[in-house]
Structures are given as C-alpha cells and as structure tokens.
Amino acid sequence: QVQLVESGGGLVQAGGSLRLSCAASGRTFSSLSMGWFRQAPGKEREFVASVSWRGGSTRYADSVKGRFTISRDNAKSTVYLQMNSLKPEDTAVYYCAAKMWDGPLQSVNEYNYWGQGTQVTVSS
C-alpha cells in the first residue's frame with residue numbers, strides 16, 4: 001500500500017504562484033511513477049503532470065505547459081508541483097497519484113493510489 005498526503009493548496013490571485021507537495025509512504029518511493037491530476041466542480045478528473053520514477057522524464061497537459069513544473073525528491077519521498085502564472089481556470093482540487101511503474105503516466109485509470117486532494121482557488 002501507498003499513502004499519499006498533499007499539501008500547499010490555498011487561495012491565490014491570478015498571476016500568482018503556489019507549490020503543491022505530496023508526501024508518500026508505504027513503498028519505496030523511487031519505485032513509483034507519480035502524477036498530479038485536478039478536478040473542478042462538475043468536471044471529470046484531468047491529467048496535469050507526471051514524472052518517471054527517477055525524475056528523468058516528465059509529461060504535462062497542454063493547458064499547463066510552460067507554467068507548471070513537476071519534480072520529485074526521492075530522498076524525501078515527495079513530489080512537487082510548482083504552479084506559476086495561475087489562472088482562474090486552474091481552480092480545482094488537485095490530487096497526487098502513484099503507481100509502481102517506471103515511466104510517466106497520463107491516464108487516471110493507470111494509477112493505483114490517490115491522495116485526498118488539496119484545494120487550489122485562483123481569484124480573478
């Protein structure tokens with residue numbers, strides 16, 4: 001089993017920045033492919049970014065490319081999502097996800113483990 005705990009969400013004005021963190025426990029973190037997803041009210045959960053188990057490969061949704069950066073610190077068993085130039089349409093609950101895999105994954109259905117989510121609200 002893998003336990004995931006997100007933190008770092010909050011309220012920010014458009015154009016601002018936030019950094020989300022996801023701390024993992026229960027499995028060797030370096031064996032996990034990690035991802036971030038988000039879900040806005042009334043919408044399906046969507047892919048945001050993912051990173052391979054060693055951090056050498058990343059993937060991003062087109063909507064966040066150039067603004068968001070995913071990274072991981074295997075020594076701290078933590079994955080991060082740095083979010084810059086935030087827009088009101090980035091408002092959502094952000095979820096961390098994990099799977100015992102090597103490469104970055106982009107589908108909700110590919111991940112086995114999920115955190116409880118952290119709310120990000122961007123005001124205009």
Side-chain angles (χ1 to χ4, degrees):
Q1 290 293 326
V2 175
Q3 292 77 45
L4 303 172
V5 179
E6 302 98 334
S7 62
L11 174 63
V12 64
Q13 288 188 332
S17 299
L18 283 174
R19 188 176 82 154
L20 305 183
S21 300
C22 172
S25 61
R27 287 276 190 181
T28 302
F29 184 71
S30 58
S31 66
L32 298 173
S33 177
M34 301 296 297
W36 286 98
F37 290 75
R38 65 187 182 187
Q39 189 167 17
K43 294 189 177 181
E44 293 187 352
R45 193 168 298 189
E46 66 174 8
F47 170 74
V48 175
S50 60
V51 61
S52 59
W53 61 354
R54 294 179 180 174
S57 182
T58 57
R59 299 287 186 272
Y60 294 94
D62 288 343
S63 59
V64 307
K65 278 181 183 176
R67 301 188 298 123
F68 291 10
T69 303
I70 189 170
S71 62
R72 65 189 296 159
D73 185 338
N74 284 354
K76 295 183 178 180
S77 298
T78 301
V79 63
Y80 304 98
L81 185 68
Q82 178 66 45
M83 305 186 295
N84 298 330
S85 301
L86 282 161
K87 305 175 181 180
E89 51 264 44
D90 294 317
T91 295
V93 177
Y94 283 70
Y95 295 92
C96 176
K99 180 182 175 67
M100 289 193 69
W101 197 254
D102 52 0
L105 303 171
Q106 297 182 230
S107 170
V108 168
N109 295 328
E110 292 179 298
Y111 286 91
N112 304 107
Y113 305 102
W114 293 86
Q116 294 299 305
T118 186
Q119 176 71 47
V120 172
T121 303
V122 184
S123 63
S124 56

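With contacts defined as side-chain heavy-atom distances shorter than 4.5 Å, the pair L86/Q13 does not qualify. Here the side chains of S63 and R38 are in contact, with some heavy-atom distance below 4.5 Å. Looking at heavy atoms from C-beta onward, M83 lies out of side-chain contact with R67 at the 4.5 angstrom threshold. In this structure the side chain of S50 never reaches within 4.5 angstrom of the side chain of W36, judged on heavy atoms. The shortest side-chain heavy-atom distance between Q1 and Y113 falls under the 4.5 Å cut-off. Side-chain contact between Q3 and V5: absent, with no pair of heavy atoms (C-beta onward) separated by less than 4.5 Å. Contact of the C22 side chain with the V79 side chain is registered, since non-hydrogen atoms from C-beta on lie closer than 4.5 Å. Counting heavy atoms from C-beta outward, N112 and M100 have side chains that stay 4.5 Å or more apart.
Across all their heavy atoms, A14 and P88 have their closest contact at CB-CD, 4.1 Å. The two residues F47 and Q106 have their closest heavy-atom pair at CB-O, 3.3 Å.
Both the sub-6.0 Å distance and the 45° axial angle are satisfied by R45 relative to the ring of Y95.
For R19, the side-chain hydrogen bond (donor to acceptor under 3.5 Å, both in side chains) criterion is met by no residue, not counting sequence neighbours. Evaluation of the side-chain hydrogen bond (donor to acceptor under 3.5 Å, both in side chains) rule for N74 yields R72 as partners, not counting sequence neighbours.
In terms of hydrophobic clustering, with Ile, Leu, Val, Met, Phe, Trp and Tyr side chains grouped at heavy-atom distances under 4.5 Å, L81 and V2 are assigned to a common cluster. W53 and I70 fall into different hydrophobic clusters, where Ile, Leu, Val, Met, Phe, Trp and Tyr are joined by side-chain heavy atoms under 4.5 Å apart, directly or via other members. Both L105 and F37 are assigned to one and the same hydrophobic cluster, defined by single-linkage of ILVMFWY side chains at heavy-atom distances under 4.5 Å. Cluster membership check: V93 shares its hydrophobic cluster with W114, using side-chain heavy-atom separations under 4.5 Å among Ile, Leu, Val, Met, Phe, Trp and Tyr. Both L18 and V64 belong to a single network of hydrophobic side chains, linked directly or stepwise wherever heavy atoms of I, L, V, M, F, W or Y lie under 4.5 Å apart.
Between the side chain of T121 and the backbone N or O of T91, no donor-acceptor pair lies under 3.5 Å. Listed for the S33 side chain is no donor-acceptor partner under 3.5 Å among the backbone atoms of K99. In this structure, E6 contributes its side chain and C96 its backbone to a donor-acceptor pair below 3.5 Å.
Other residues, nucleotides and ligands contribute at most 12 non-hydrogen atoms within 6.0 Å of the CH2 atom of W101.
Between atom OG of residue S7 and atom OH of residue Y94 there is a gap of 15.0 Å, rounded to the nearest 0.5 Å. Taken to the nearest 0.5 Å, the OG1 atom of T78 stands 10.5 Å off from the CG atom of L4.
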(request) Under the salt bridge (charged side-chain N to carboxylate O under 4.0 Å, His left out) rule, what do D62 and K65 come out as? Steps first, then yes or no, please. (result) CA-CA 5 Å; D62 288 343; K65 278 181 183 176; 3.2 Å; yes

